[in-house]
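Below, read A as the first sequence line, B as the second, and so on, with proteins coming before strands; counting in each chain starts at 1. Worth saying up front: this structure is predicted, and the values here are computed from it rather than measured.
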Amino acid sequence: MSVAFSTESAPPAPSQAADPKPPLLELRGLTVGYRKPIVTDLNLKLGRGLFVSILGANGAGKSTLLRTISRRLKPLAGEIFLAGQSLPSLKAPDLARIMSVALTDRAQVPMLRALEFVALGRHPHSDFLGRLAPRDLLMVEKALTAVQAGQLAERFVDELSDGERQKVVLARALAQEPKLLLLDEPTAHLDLRHRLEILAILRQLCQSQGLTVLAAVHDVEVAAKVSDLVVTLKDGRLVDLGRPEEVLVSATVQSLYDCPTANFNLALGGLELIPDGQAGRAFVWAGQDTGALPLRVLAKKGYALATGLFPDSDLDAHVARALGAKVFSYPSQKPPTPEELERLGELALGELATCDLLALGRPLAAEPMGELRQKLLRLAQRLEIPVLELGPTGELGPFIQALDRLKTLSTSAAA
Amino acid sequence: MEAVLDVKLLTRRLAGRRAWVFLILGALTLALMAINLAVGSLTFPLARIVDTLLRPSESGDLAFIIWKIRLPRVLATVMGGAYLAASGLLLQVYFRNPIVGPYILGISSGATLMVSLVALTSVGFQMTYVTPFLTTIAGCLGAYGVMILVVAIAAKVRQGATLLIVGLMMGYLCGAVTSVLTALAEKEKIKGFVLWTMGSFSGFKWVEIGLLAGLGGGLLLAVYLLSKPLNAFLLGEDYAASMGVNIRRFRLFILAAASALAGLVTAMAGPVAFVGLAVPHLARLSFGTSDNRVLIPGACLMGAVVTSLCDLIARMWLNPVELPISAITAFFGAPVVIGLLLKRGARM
């Protein structure tokens, strides 16, 4: 899915469909790059209160685009409008009141307390000497509180951890009271907790204060979860612009990063690596969420997968498809007739015959298809296919140990 | 557990702490000025010194020593220290580099070159009319010649590192010419010249004090008024631009102001090592901030204190022999800075 995109058919910002005001940010035929163009002919309009992620592989031009919009780099062609005014015509202080930036490079300032660092953001608002009026102090306080960094106020910025510093950097950008916030990899170098915190804070600011965030993001999962809109860049063009739910289908993600072995599943909200099948083929007996974890374990160990037999709305079905498995399932809306079930069962048995392993998910109190389960087990015994079983508690440890033993056994047999 | 944040209270507490440091430094400056006035190879009762100061018309040895020798020297020392510190601070902020000082761009080498021309050769002999000011004028020409060159180059070069290397090369170029002149010079002239290159605040004339106060004071005021954009520069040029600072114009201003301040002092007192490099660190450590609205006056006061103290030592340690001030500043100051930085976790 790589449909060329034109400005006029841009999906309106979800909340601002009929805004009479000019768009907050508009790009017209913009070409960016350093002497040589990196991204050409960008057209885009953004309203207020949106979280917009720019996605693309390394070198796709995400940061270059941000540099150009923040006026640190001259466009090679085209125009940029901020709230209806052309970017070159804006005076520096006026621009600073509309747009602020938070960059990836770690702002290393010696001997400056977080409080003072954030107060620097009041630059475009404070008086000639930079003295802070009561309102400035209030905004500094609000910014620090918004990023949950109030307790860091007195600490020196160069003594903070990466996550803490990123919060303070963000607070500085917010203290500038921008309408548009440009972020370059806002969660780079951050651990899970800080990444989630910062993204939640940004989302909340977009929704409650009408701030628009334009962020270069390298993590598709993050982009899918927090963005209102995503912009995808590839081969020097804007490939897609739209809601992540529409844009981020697996094929787009695969082509965006030239990575056919990764599978992006929006419902699960994550990227999965499709196993190459070098370890062999495994059939997983699953259904009612009993198989999701064994499926992941086997995929990680390199087994190509097949699984069944359950309705296609089952969690196991989603996981299995994301892992590139062959799935034997039936539509959940229309329960299958006994004959159809019979036929599916035959197919599953046929598939098992080609496999090197049968894995049984956590047993259920009442197996809806106990008969087929027995058939599979008997077939496996007859063909001497090893069987691995997950205990009733669903504990994975013994399962993985058994799997590893099996592997050493087969390799020593081969030797 | 989120502590309740009260920015107003915190700001007031920090400001209070800094006011104390200002007060202490101010008191130290005044005390050192008084000591420098009172102490010397000849000692006089304090009451008579005060008396002389209050009644300038009085003639005699004491009046001559106070009004012609000690007072100009005390004032020159205070201003010289302050300007060098401010200059170093500006360049450290501009280059975002802690080991930068006022002489990094070759100001002192330029001044030294021109002074060596008049001191080591007979170029200056015909100009009897300007003889008393010959060294100062030569130093001025050298320092500002290099400054104009560096600022002109800075207008074209964007990278700070490139500019640093240009300044370094300027220093080598001037140094090369100076060493040729030294090799060709007569022995007796060399000692005087070498002593000049190590700086001294002695022999200031009131005209020079007036120039130092007028020009330097004006520059310092301009620098202080621009402490707000200077603060934005703390985060680097990209951030400064995004906060509304006109980068191109401001870069040139910083360089020109820093060079002009250092050039002024160097032309009159010779190169004074260490003060411009180290005093900004001492000021940052004692005020606990990089906020230039605090640091510009703070570094000036600290510079005045440090330089006054060093001048006192230079005059009195091996009395009646007077030592070059650079020897004292570096010898006593460098270990102090190293110690402080190690103690505070080497944060520059």
Side-chain angles (χ1 to χ4, degrees), chain A residues 67 70-72 91-97 99-103 105 107-113 115-132 134 136-145 148-154 156-159 169 172-173 176 178 182, chain B residues 1-15 17 92-93 96-98 224-250 280-281 283-296 341 344-348:
Chain A
R67 285 189 76 88
S70 64
R71 213 162 75 172
R72 282 173 286 154
K91 287 212 179 81
D94 294 333
L95 176 63
R97 277 190 283 265
M99 177 168 71
S100 70
V101 296
L103 307 169
D105 66 348
Q108 279 293 15
V109 190
M111 295 302 271
L112 203 63
R113 287 171 206 273
L115 178 73
E116 298 170 292
F117 186 93
V118 174
L120 289 179
R122 295 304 297 164
H123 192 279
H125 302 275
S126 59
D127 72 1
F128 183 67
L129 268 179
R131 279 177 302 208
L132 298 175
D136 294 313
L137 291 176
L138 188 72
M139 292 314 295
V140 170
E141 193 171 310
K142 273 176 81 174
L144 272 166
T145 315
Q148 295 157 24
Q151 76 284 5
L152 303 177
E154 248 187 304
F156 286 105
V157 174
D158 56 351
E159 287 176 344
V169 165
R172 190 213 60 81
Q176 215 170 316
L182 300 186
Chain B
M1 282 295 279
E2 184 93 359
V4 180
L5 173 68
D6 188 341
V7 164
K8 210 183 273 179
L9 187 79
L10 250 171
T11 321
R12 209 179 304 148
R13 205 164 73 215
L14 288 178
R17 222 179 286 167
Q92 284 177 8
V93 171
R96 301 181 77 201
N97 188 335
Y224 182 71
L225 291 179
L226 287 168
S227 52
K228 179 182 167 180
L230 209 55
N231 274 348
F233 246 79
L234 286 175
L235 305 184
E237 287 194 7
D238 278 349
Y239 272 114
S242 84
M243 288 192 271
V245 179
N246 183 331
I247 298 295
R248 274 179 79 86
R249 213 187 310 151
F250 197 64
H281 291 301
R284 255 192 291 273
L285 286 169
S286 44
F287 284 95
T289 187
S290 290
D291 183 346
N292 292 301
R293 279 171 299 152
V294 176
L295 268 194
I296 291 169
L341 287 172
R344 297 288 293 256
R347 300 216 319 273
M348 290 184 138

*asked:* Within the structure provided, determine whether B:D291 and A:M111 are in side-chain contact (heavy-atom separation under 4.5 Å).
replied: no

Looking only at heavy atoms, what is the nearest atom pair of [X] and [Y], with distance?
X	Y	result
B:N231	A:L120	CB-CD2, 3.7 Å
A:A96	B:G244	CB-N, 3.8 Å
B:K8	A:L137	CG-CD1, 3.8 Å

Give a yes or no on whether the backbone of [Y] and the side-chain of [X] come within a donor-acceptor separation of less than 3.5 Å.
X	Y	value
A:E116	B:S290	no
B:Y239	A:L103	yes
B:R293	A:G130	yes

Working to the nearest 0.5 angstrom, can you tell me the gap between [X] [atom1] and [Y] [atom2]?
X	Y	atom1	atom2	value
A:E141	B:T11	CD	OG1	9.0 Å
B:R284	A:L112	CZ	CG	10.5 Å
B:L234	A:F117	CG	CZ	9.5 Å

Look at [options] and state which one has the largest set of heavy-atom pairs under 4.5 Å with chain B.
options	value
A:R71, A:K91, A:R72	A:R72
A:R113, A:Q176, A:R97, A:M99	A:R113
A:S100, A:A92, A:G121, A:S70	A:A92

Answer with side chain, backbone, both or neither: which region of [X] has an atom nearer than 4.5 Å to a non-hydrogen atom of chain B?
X	value
A:L95	neither
A:R67	side chain
A:R172	side chain

*If you draw a 6.0 Å radius around CZ in B:R17, do more than 12 non-hydrogen atoms from other residues or ligands fall strictly inside?*
yes

Which atoms of [X] approach chain A - backbone, side chain, both or neither, heavy atom under 4.5 Å:
X	answer
B:S227	side chain
B:L14	side chain
B:Y224	both

_Could you walk me through whether A:H123 and B:V245 satisfy the side chain to side chain contact (heavy atoms under 4.5 Å, CB included) test, starting with their C-alpha distance in whole Å, then the side-chain angles of each, then the deciding distance to 0.1 Å, before giving a yes or no?_
CA-CA 9 Å; A:H123 192 279; B:V245 179; 3.8 Å; yes

*Electrostatic pair A:E154-B:R13, nearest N-O below 4.0 angstrom*: yes

*salt_bridge(B:K228, A:D127) N-O dist < 4.0 Å*: no

